[in-house]
Amino acid sequence: MAALDKSCLVELGPVPFKDVNNDDDNGQTAISPPTEYADIVATLPSIAAIGDSQLLKYQDVWLFIHGVTGVISIQRRFKSRPGDVLLASPPKCGTTWLKALSFATMARAKYPPSDANHPLRRLNPHECVPFMENLFSAGQEAKLEALPSPRLLQTHMHYSVLPRSLADCKIVFVCREPKDMLVSMWHFLQSAGFSFPFSDLFELACQGQNPHGPIWSHLLGYWTASTARPEMVLFLRYEDMLADPVSTVRQLARFMDVPFTAAEEAAGLPVDIVEMCSIDALRELEANKTGKFGLFFKFQHQTFFRKGVVGDWVNYMTPEMARRIDAIVGDKLHGSGLTFTSVGTIASQDQDARTLLLPTSSSLSSS
Ligand code: PAP
């Protein structure tokens with residue numbers, strides 16, 4: 001793939017997706033799912049999961065049916081461009097935050113964080129950076145073509161199912177301690193109208209059958225890629241981002257080949273970006289208090305900004321549940337060098353839990 005002239009990246013920056021594709025109804029009336037994959041979909045193993053819905057197993061990943069169509073369509077139709085940057089994650093691991101930080105960092109010349117009309121002050125982060133599966137499953141991939149380079153794109157796909165053209169892009173992956181991820185996912189699905197006990201999602205996760213599961217193969221795919229090609233795959237953890245968001249922003253800028261200059265550092269740009277993208281700042285904005293995201297499932301913008309802490313799992317899991325999933329995930333990750341550490345006993349208060357559960361970062365090669 002031909003390289004993009006990096007000197008122009010800072011000047012250009014990504015353009016907010018919604019500024020280019022501004023449908024009144026967020027693309028609702030233009031939904032036109034591809035039908036040519038019906039034969040493939042019909043043969044896939046399926047399970048009844050999460051209320052009345054089904055999950056299908058496509059290339060060893062459990063997905064809602066729209067997700068399957070989206071992934072197949074991406075595998076067959078996506079055309080990468082020089083300069084594309086892919087943000088990848090399991091759901092509920094900090095995608096919204098990573099979108100905001102990455103967009104603000106890459107677009108800082110055109111949209112300084114001091115700008116009162118900054119795109120992230122008038123749009124939800126998901127309206128700035130498109131979710132690929134959503135668009136391809138709705139037959140709306142032309143909207144990605146309309147987006148000028150450099151493009152920031154987002155996916156929940158496992159590394160193993162990425163088409164070559166996407167795997168060759170620069171990729172930023174963010175993950176999160178799995179128990180907190182599951183609690184966040186449960187709240188999120190409840191907010192979209194799914195009604196089921198947390199224990200259902202927990203059981204699915206233990207079997208590797210949660211939406212976008214197995215959790216461990218999602219993690220291992222990007223972990224392995226990041227250790228093999230650290231200049232192309234940046235592996236981040238939500239917990240590390242919370243502990244030191246300014247360092248994360250600097251890391252993002254370096255990785256995207258747009259490091260902060262001495263003048264930008266002196267002007268406090270990394271700190272300004274972190275403050276603009278903090279959960280407290282974002283959740284107060286009208287764009288995030290109102291509106292919905294999603295084509296097949298609808299999620300209120302406000303549901304993307306819940307607690308934003310480490311260790312909320314203690315409020316939803318028994319010690320036995322925690323030990324069980326820790327053991328399963330630990331066993332699956334064994335030997336990879338990737339670990340998640342839950343220290344101590346179950347705390348009764350959120351605040352105690354946060355201090356107990358901060359992960360060790362000894363296995364991180366990316367910091
Ligand atoms: P998605 O996969 O549906 O896009 P994602 O953004 O990855 O969701 O995850 C949402 C989580 O990130 C929420 O965690 P919680 O349920 O445990 O609270 C949400 O609160 C958290 N989050 C969203 N924005 C921020 C932010 N700016 N800073 C820190 N955490 C955030």
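Every number for a ligand or one of its atoms is a count from 1 in the order of the listing.
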Protein contact to [atom] [nearest heavy atom, distance to 0.1 Å]:
atom: atom 6 (O) of ligand 1; answer: Thr96 OG1, 2.5 Å
atom: atom 24 (N) of ligand 1; answer: Phe305 CD2, 3.6 Å
atom: atom 20 (O) of ligand 1; answer: Arg306 N, 3.0 Å
atom: atom 5 (P) of ligand 1; answer: Thr95 N, 3.5 Å
atom: atom 28 (N) of ligand 1; answer: Trp97 CD2, 3.2 Å
atom: atom 15 (P) of ligand 1; answer: Ser184 OG, 3.4 Å

Ion pair check, Asp326 and Lys179, cut-off under 4.0 Å
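Yes, this pair counts.
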Pair Glu36 + Arg77, salt bridge at N-O below 4.0 Å:
yes
Purely on distance, is any nitrogen or oxygen of [X] under 3.5 Å from one on ligand 1?
X: Gly308; value: yes
X: Leu242; value: no
X: Asp180; value: no
X: Val309; value: no
X: Ile279; value: yes

Anything under 3.5 Å between a donor and an acceptor, one on a side chain of residues 55-71, the other on a protein residue two or more places apart or in another chain? List them.
unit_1, atom_1, unit_2, atom_2, d
Tyr58, OH, Gln75, OE1, 2.5
Gln59, OE1, Gln75, NE2, 2.8
Thr69, OG1, Ile65, O, 3.1

Which bit of Ser278 gets closer than 4.0 Å to ligand 1, counting heavy atoms only: side chain, backbone, both or neither?
backbone
Between [X] and [Y], is there shared hydrophobic-cluster membership here, with clusters defined by ILVMFWY side-chain heavy atoms closer than 4.5 Å?
X: Tyr159; Y: Trp223; result: yes
X: Val274; Y: Leu236; result: yes
X: Met185; Y: Phe131; result: yes

Do the two ring centres, one from Phe304 and one from Phe188, sit under 6.0 Å apart?
yes
When the ring centroid of Phe293 is compared with that of Phe299, is the distance short of 6.0 Å?
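Ring centroids of Phe293 and Phe299 are no less than 6.0 Å from each other.
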If hydrogens are left out, which of [options] has an atom nearest to [atom], that is, the closest non-hydrogen atom?
atom: atom 17 (O) of ligand 1; options: Arg176, Met181, Lys92; value: Arg176
atom: atom 23 (C) of ligand 1; options: Phe304, Tyr238, Trp313; value: Phe304
atom: atom 4 (O) of ligand 1; options: Lys307, His212, His126; value: His126

Can you list the atoms of ligand 1 that are under 4.0 Å from a heavy atom of Gly94?
5 (P), 6 (O), 7 (O), 9 (O)
Run the numbers for me: atoms of ligand 1, each under 4.0 Å from some heavy atom of Phe188, listed by number.
3 (O)
Does the side chain of Glu133 come under 3.5 Å of the side chain of Thr155 through a donor N or O and an acceptor N or O?
yes
Looking at ligand 1, would Cys277 count as a contact under a 4.0 Å heavy-atom criterion?
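Heavy atoms of Cys277 do come under 4.0 Å of ligand 1.
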Report yes or no: does His156 have a heavy atom closer than 4.0 Å to ligand 1?
yes
Criterion side-chain hydrogen bond (donor to acceptor under 3.5 Å, both in side chains) on Thr96 and His126, from CA distance to verdict
CA-CA 7 Å; Thr96 312; His126 293 279; 2.8 Å; yes
Trp97 and Tyr238 aromatic ring geometry - parallel, tilted or perpendicular at 30°/60° bounds:
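Correct class here is perpendicular.
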Aromatic plane relationship, Phe194 with Phe196 - under 30° parallel, 30 to 60° tilted, over 60° perpendicular:
perpendicular
